[in-house]
K.L.:
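Got a structure for you, questions after.
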Amino acid sequence: MNDIVIHGTYFSSINRDEVITCEGYLICVDQTGTISRTIAPCEDDFNTVLQEAKQSDRLVELKDNQYILPGFIDLHIHAPQWPQAGLALDLPLADWLNHYTFPLEAKYQDLEYAKMVYKDLIHELLSQGTTTALMFGTIHTEANLVLARQSAAAGLRAYIGQVVMDNPEQTPEFYRNKSTQEALEANEEFILAMQELAKQTQSTLVPVITPRFVPSCTDETLAGLAKQAKQYDLPIQSHLSESDWEHNYAIERFGLHDTEVMEKFGLLTDKSVMAHGTQLTDSDLATLHHKQTAIAHCPISNSYFGNAVLPTKKILRQGNKIGLGSDISGGYSPSLYYNIRQAVKSSQMLEDGVDSAQPAQSRGVKSSRITMANAFYLATLAGAEALHLKAGKIAPGYQADLQIVNAHPALMNLSQDDIFQRLMYQTERSDIAQVYVG
Ligand code: GUN
Ligand code: FE
């Protein structure tokens, strides 16, 4: 039995290069919130299913200027940093962390503050078409559970990490775990509470092992977190070779690349998602590929802190796992549309190069530009695959995580591909008419 039937035209990635257009289809959603069937207008029972849904008041009929897309998967976002989105992005990463980010995150000891911010952020994400988010919280267990409860109440699929940071050399006293033992015990408490909450609310709420990044963690803590990930079979998230500074820090402390450090401690698994990676070498990428670890590409954030452009095209070609993240607040926008646009723009700048004093022939990195279809894939199907979540695609068996968007008026004849491109470039929050999660 269908719970609802949506009638309209949709766009969906079927692989990294191809987006299909299905015109005037029916999307049947069952009572568990899963897409049970998609029906083309030419199929025998199209009219019967349409009429039945209409008569039982279960039909959602799209207007002529409306289109259906899968909900977006934000693969890297710092929930507590929402109040400072767009602040101090002209500072280098380490200064931005010490002078803005750590003092802000320390405030989440105050649960009233957490409730206020997290409610606003979750509403914002859903309104921007994001239906799943892989989030960093703070070091505070209670505030992280506020984020979880509010996500479940609003319907956002939430993968949430309790941030762990205990290295006194790289973290301020006012915002640091007191010891490895304290950090691991609090983390275990968080994991168990999240699992209980997921059961109670019947929601997608997943605890994520979250060493902030190599500089902020002691060796014992990195090892202990890997052990917890294994014990509870959990996803892992962190930052990886995000900037020259971060990349060189690992070399100075361990004589190894960030990737090799993560590997050494057992933090690279097929459930790991590592943000940024702008300084990754070919051998680092080969390691991530071998481990089936995903990269969360955060192109807006990388423009400020990355010190380089991630070679997204090469990474896709090599078959590494990769999705898209907003990195609020290293990135200023919670909209994955904005990040999709920036991913395409940054890749073109990588291909062309940016210094006109250099000869055109050697200015850029050849064959670096990605297509809009590539970027859309990162924000949908690829992100879901990194989380082992059956979502991000409009097809039977996938979660009915959907957004209905209003296209801007077309003043000329447009092909379906043109319409898709314009939707990607022009959609604003106010154009998103409806968002469904399951
Ligand atoms: N590296 C360590 N912490 C952070 C953070 O909060 N944001 C970004 N962009 N990079 C980090
Ligand atoms: Fe980040």
Side-chain angles (χ1 to χ4, degrees), residues 74-108 117 121 133-140 144 147 159-167 169-172 175-177 208-218 221-222 225 236-250 253 258-259 261-262 267 272-280 294-308 310 323-334 336 339 342 383 386:
D74 189 337
L75 215 50
H76 183 70
I77 171 165
H78 298 264
Q81 295 175 22
W82 174 227
Q84 67 167 17
L87 294 189
L89 292 172
D90 42 9
L91 292 181
L93 177 62
D95 294 345
W96 173 85
L97 285 172
N98 288 316
H99 299 303
Y100 283 81
T101 306
F102 294 159
L104 171 59
E105 290 192 17
K107 287 185 189 210
Y108 288 76
V117 174
L121 172 68
L134 172 56
M135 299 186 266
F136 278 53
T138 60
I139 67 173
H140 313 101
N144 296 332
L147 178 60
Y159 293 69
I160 301 174
Q162 173 148 302
V163 171
V164 177
M165 42 196 286
D166 70 330
N167 179 7
E169 283 169 24
Q170 292 292 331
T171 54
Y175 189 53
R176 173 195 305 154
N177 295 111
V208 182
I209 299 295
T210 306
R212 183 171 202 115
F213 65 159
V214 165
S216 57
C217 294
T218 59
T221 290
L222 291 171
L225 287 173
I236 298 169
Q237 64 181 345
S238 192
H239 298 86
L240 193 65
S241 289
E242 176 182 5
S243 61
D244 289 319
W245 171 74
E246 182 187 346
H247 189 71
N248 291 329
Y249 173 90
R253 177 164 144 198
D258 238 14
T259 302
V261 176
M262 290 288 187
L267 290 160
S272 302
V273 178
M274 295 288 156
H276 308 299
T278 45
Q279 311 297 325
L280 292 171
I295 297 167
H297 177 33
C298 306
I300 295 182
S301 171
N302 292 165
S303 320
Y304 301 108
F305 298 141
N307 303 135
L310 186 78
L324 199 66
S326 67
D327 193 30
I328 288 290
S329 61
Y332 59 81
S333 174
L336 282 197
N339 279 282
Q342 186 65 49

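Ligands are counted one by one from 1 in listed order, and the atoms in each one are counted from 1 as well. Given the structure is predicted, the values throughout are model-derived calculations rather than measurements.
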K.L.:
Evaluate Trp96 for polar contact with ligand 1, using N/O atom pairs at a separation under 3.5 Å.
P.N.:
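No - when backbone and side-chain N and O of Trp96 are compared with those of ligand 1, no distance drops under 3.5 Å.
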K.L.:
Side chain or backbone, does Gln81 bring an N or O within less than 3.5 Å of an N or O on ligand 1?
P.N.:
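Yes: some nitrogen or oxygen of Gln81 is under 3.5 Å from one in ligand 1.
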K.L.:
Considering only heavy atoms of Asp327, which atoms of ligand 1 have at least one such atom less than 4.0 Å away?
P.N.:
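Selected atoms, number and element: 8 (C), 9 (N).
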K.L.:
Quick one: do the His140 and Thr138 side chains pair a donor with an acceptor below 3.5 Å?
P.N.:
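Yes.
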K.L.:
Would you mind running through ligand 1 and noting each atom that sits below 4.0 Å from a heavy atom of Leu97?
P.N.:
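Going through ligand 1 atom by atom, the ones under 4.0 Å from Leu97 are 2 (C), 3 (N), 4 (C), 5 (C), 6 (O).
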K.L.:
Checking side-chain contact (heavy atoms from CB on, under 4.5 Å) for the pair Ile295/Leu280: CA distance, chi angles, key distance, verdict?
P.N.:
CA-CA 10 Å; Ile295 297 167; Leu280 292 171; 4.0 Å; yes
K.L.:
Are Ser216 and Gln170 linked by a side-chain donor-acceptor pair shorter than 3.5 Å?
P.N.:
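No pair is found: no donor N or O on one side chain lies under 3.5 Å from an acceptor on the other.
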K.L.:
Taking all non-hydrogen atoms of both residues, which atom of Ser238 and which atom of Phe213 are closest, and how far apart?
P.N.:
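Heavy-atom minimum between the residues: OG-CA, 3.4 Å.
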K.L.:
Between Thr221 and Asp166, does a side-chain hydrogen bond (donor to acceptor under 3.5 Å, both in side chains) hold up when you go through it step by step?
P.N.:
CA-CA 8 Å; Thr221 290; Asp166 70 330; 2.6 Å; yes
K.L.:
Taking all non-hydrogen atoms of both residues, which atom of Pro211 and which atom of Leu225 are closest, and how far apart?
P.N.:
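So the minimum-distance heavy-atom pair works out to CB-CD1, 3.7 Å.
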K.L.:
Suppose the cut-off is 2.8 Å; which protein N/O/S atoms would you list for the Fe ion (ligand 2)?
P.N.:
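You should have found His76 NE2, His78 NE2, His239 NE2, Asp327 OD1.
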K.L.:
If you have a sec, work out which protein heavy atom is nearest atom 6 (O) of ligand 1 and how many Å separate them, to one decimal?
P.N.:
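Of every protein heavy atom, Arg212 NH2, 2.7 Å lies nearest to atom 6 (O) of ligand 1.
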K.L.:
For His78, take its heavy atoms, then give the atoms of ligand 1 lying under 4.0 Å from any of them.
P.N.:
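Ligand 1 atoms under the 4.0 Å threshold to His78: 5 (C), 6 (O), 7 (N).
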K.L.:
With a 4.0 Å cut-off, would you call Glu105 and Arg212 a salt bridge?
P.N.:
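Yes, charged N to carboxylate O under 4.0 Å.
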K.L.:
Starting from atom 10 (N) of ligand 1, find the nearest protein heavy-atom neighbour and note its residue, name and distance.
P.N.:
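Result for atom 10 (N) of ligand 1: Glu242 OE1, 2.6 Å.
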K.L.:
Output the list of atoms in ligand 1 that are nearer than 4.0 Å to some heavy atom of Leu93, sorted by atom number.
P.N.:
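What qualifies from ligand 1 is 10 (N).
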K.L.:
Which atom pair, heavy atoms only, marks the closest approach of Val208 to Thr210?
P.N.:
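Result for this residue pair: O-OG1, 2.9 Å.
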K.L.:
Among Glu246, His247, Gln279, which one satisfies side chain to side chain donor-acceptor pair (under 3.5 Å) with Ser241?
P.N.:
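Exactly one option meets the side chain to side chain donor-acceptor pair (under 3.5 Å) with Ser241, and it is His247.
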K.L.:
Just one of Gln81, His239, His297, His76 clears the side chain to side chain donor-acceptor pair (under 3.5 Å) bar with Asp327, so which one?
P.N.:
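Per the side chain to side chain donor-acceptor pair (under 3.5 Å) rule, the option paired with Asp327 is His76, out of Gln81, His239, His297, His76.
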K.L.:
Under 4.0 Å from ligand 1, counting heavy atoms only, is it the side chain of His276, its backbone, both or neither?
P.N.:
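Contact part for His276 vs ligand 1: side chain (C-beta onward).
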